[in-house]
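In what follows, a single structure is set out as structure tokens and then discussed.
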Amino acid sequence: METIITRFPPSPTGYLHVGGARTALFNWLYARQNHGKFVLRIEDTDTVRSTQASVDAIFDAMRWLELDWDEGPYFQTQRFDIYRTYLQKLLDSGDAYYCTCSPEDVEAMRQKAMATGAKPKYDGRCRERGLPPSPNAVIRFKSPLSGTTVVEDVIKGNIVFQNREQDDFVICRSDGTPTYNFVVVVDDITMGINTIIRGDDHVMNTPKQILLYKALKAPLPVFGHVPMVLGKDKARLSKRHGAMSVTAYRDMGFLPDAFLNYLARLGWSHGDQEFFTRQELIEKFSLKNIGRSPGVFDVDKLTALNADHIRATPVGQLAPRVLPFMRQKGYDAADDAYLVGVIGTLHARSKTLVEMADGAHFYYREDVRPYDEKAARKFLKPAVAPVLTMLAEALEALPDLAEKTQEAAFKQVMEKAGLGFGKIAQPVRVALTGTSVSPGIFEMIAVLGKARVLARLKAAGEYIQSLEST
RNA sequence: GGUCCCAUCGUCUAGCGGUUCAGGACGCCGGCCUCUCACGCCGGUAACACGGGUUCGAAUCCCGUUGGGAUCACCA
């Protein structure tokens, strides 16, 4: 069987956006599943809009998503000589010709056509003139005047185009640089790309490209056009929908596998399954299960899926991923046993890594004061001071802080104070964390360790005393 | 406007002529669990755009309407 070779060809005119990431993912999955090759190609022929910063941003995003490529990155700007060769082939075979009509002339043709209600296109006036190369001439492709070109789309099915709708499009500008539809075809032919999965916005280019493949006598690749990703208002995703850049999702605390899982499920399905590991995606992905209608990007669902992935990830593996967020908050955290313990108490209650870092505040602050005002007022009342003291003593006497051991200590205090656990837990929680929301008391104490716990209980006692004296 | 594509709960979707007065997930609303918050569990809300056909039978096939999207460059 032929080796599957797919590609992802972003143009470096901005960051990698959500839609682009999804087509990259689909191509990557398909290549990986078939033990084929995934090629990265930078389409930078628009020298005005292309920037190195964008190239870097794209690599950065691909690396974060861990979508590795087997070949490339190729840069189109370094391949002009190849394009030149293929241009000459078309000229030689008579499938292309020089045209000296100025942009203004062509524009006039469009206006005229529009006026008569016809489709705006170049009228082919230089088609049979056999013009020689000249400084201001462009090269146009000699498109068939009749017949049909059918795109056999693996996602959408057959799409038929009338050749008469096509005009003789420019394949080489007057400045000598080749245009998009031409370079893409040459690249895909020379790179051996046999499977092209790309966005819906390219369907109209496909008949042009197929014509080029035929003129170049090259075998056609398999085409598949995936529907667009839309924003909440059902309009194409754009800046006004907020985060479009893939790396923005990294910064919001999403896991790459969760992001990929979400992207895959947006437009593709495998029965009712929602959660997929990266490996499952590779195994179960299939072109035939890609839907034909556009989908709306939903952060809430991404977030829910992210929570599932966080929970499914062993705490040890989560540590290096949360660390940057901890540091960003100024916590002196390290990838150590303490952090693993911290994550253990937080990972079932965090939907994102940012939330996890937020929830870890009390683990990395020596003093949790000032207390949350409402929490302190409600729970750190005079009556609880002796209870906190008793608890501190009981805890101090313990040989270790295993949850079982702690339970006995708490039971002892509960009996002495004549209070239920519920009455003791909240004050302790405030004393330990400064707030009324946190992981479970026992697990928290086990992670914090005796020294921090005793100090905080003592501090809370002092706080209550200071209230009484005023 | 021309050309092309699309159309199941608010959203992502399952469904590929009958076993579905349509299943799952997110969201939302109840409840349970419970030391708070979560997790988890249970239950509820909510859809086949419309109109014609074809067929014994249609969410599933065909046509039309409507609605959305894409594209019409010497951008990619």
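Sequence lines set the chain letters: A, B, ... in the order given, protein chains first and strands last, and positions in each chain run from 1. Since the model is a prediction, treat every value here as computed from it, not as a measurement.
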Next on the checklist: Using atom C1' in both nucleotides, what's the gap between B/rA76 and B/rA70 to the nearest angstrom?
Outcome noted: 15 Å
Checklist entry - What is the ring orientation for A/Phe223 with A/His225, classed by angle as parallel under 30°, tilted 30 to 60°, or perpendicular over 60°? => result parallel
Next on the checklist: Using the C1' atom as the point on both nucleotides, what is the distance between B/rU45 and B/rC29, in whole Å?
Outcome noted: 7 Å
Item to check | Opposite nucleotide pairing with B/rC16, Watson-Crick or G-U, both atom distances under 3.5 Å | outcome: none
Checklist entry - With both distances under 3.5 angstrom, what nucleotide forms a Watson-Crick or G-U wobble pair with B/rC4? => result B/rG69
Checklist entry - Which of these nucleotides, B/rU71, B/rA76, B/rC12, is closest to any side-chain atom of A/Asp201? => result B/rU71
Checklist entry - Which pairs count as salt bridge (charged side-chain N to carboxylate O under 4.0 Å, His left out) when at least one residue sits in residues 352-365 of chain A, sequence neighbours excluded? => result A/Lys329-A/Asp358
Checklist entry - Tell me the salt bridge (charged side-chain N to carboxylate O under 4.0 Å, His left out) pairs involving residues 411-434 of chain A, sequence neighbours left out? => result none
Checklist entry - If you look only at pairs with a residue in residues 341-352 of chain A, which of them pass as a salt bridge (charged side-chain N to carboxylate O under 4.0 Å, His left out), with sequence neighbours excluded? => result A/Arg349-A/Glu443
Checklist entry - Please, which pairs that meet salt bridge (charged side-chain N to carboxylate O under 4.0 Å, His left out) have at least one residue in residues 298-312 of chain A, sequence neighbours excluded? => result A/Lys232-A/Asp298, A/Glu274-A/Lys301, A/Asp308-A/Arg311
Checklist entry - What string of B, S and - do you get for nucleotides 25-44 of chain B, 5' to 3', when a contact is any protein heavy atom under 4.0 Å? => result BS--------BBBBSS----
Any protein N or O atoms within reach of nucleotides 61-63 of chain B? Criterion: under 3.5 Å, listing atom names and distances.
none

Item to check | B/rC37 - base-pair partner by Watson-Crick or wobble geometry, distances under 3.5 Å | outcome: none
Item to check | All ring-ring contact (aromatic ring centres under 6.0 Å, His included) counterparts of A/Phe8, not counting sequence neighbours | outcome: none
So which protein N/O to nucleotides 3-7 of chain B N/O distances come out below 3.5 Å?
{"unit_1": "B/rC5", "atom_1": "O2'", "unit_2": "A/Lys156", "atom_2": "NZ", "d": "2.7"}

Checklist outcome for this item: Sorted by chain and residue number, the ring-ring contact (aromatic ring centres under 6.0 Å, His included) partners of A/Tyr262 (sequence neighbours excluded) come out as A/Phe297
Item to check | Qualifying residues under salt bridge (Lys or Arg N to Asp or Glu O under 4.0 Å), relative to A/Glu407, sequence neighbours excluded | outcome: none
Checklist entry - Of all residues at least two apart in sequence or in a different chain, which pass the salt bridge (Lys or Arg N to Asp or Glu O under 4.0 Å) check with A/Arg321? => result A/Glu66
Checklist entry - Donor-acceptor pair, A/Ser50 side chain versus A/Thr47 backbone, under 3.5 Å? => result no
Checklist entry - Looking at residues 137-152 of chain A, who's got a heavy atom less than 4.0 Å off RNA chain B? => result A/Val138
Checklist entry - Hey, does A/Cys101 reach any base, or is it just sugar-phosphate, or nothing, if we go heavy atoms under 4.0 Å? => result base
Next on the checklist: Checking base pairs now: Watson-Crick or wobble, both atom distances under 3.5 Å. What partners B/rU60?
Outcome noted: none
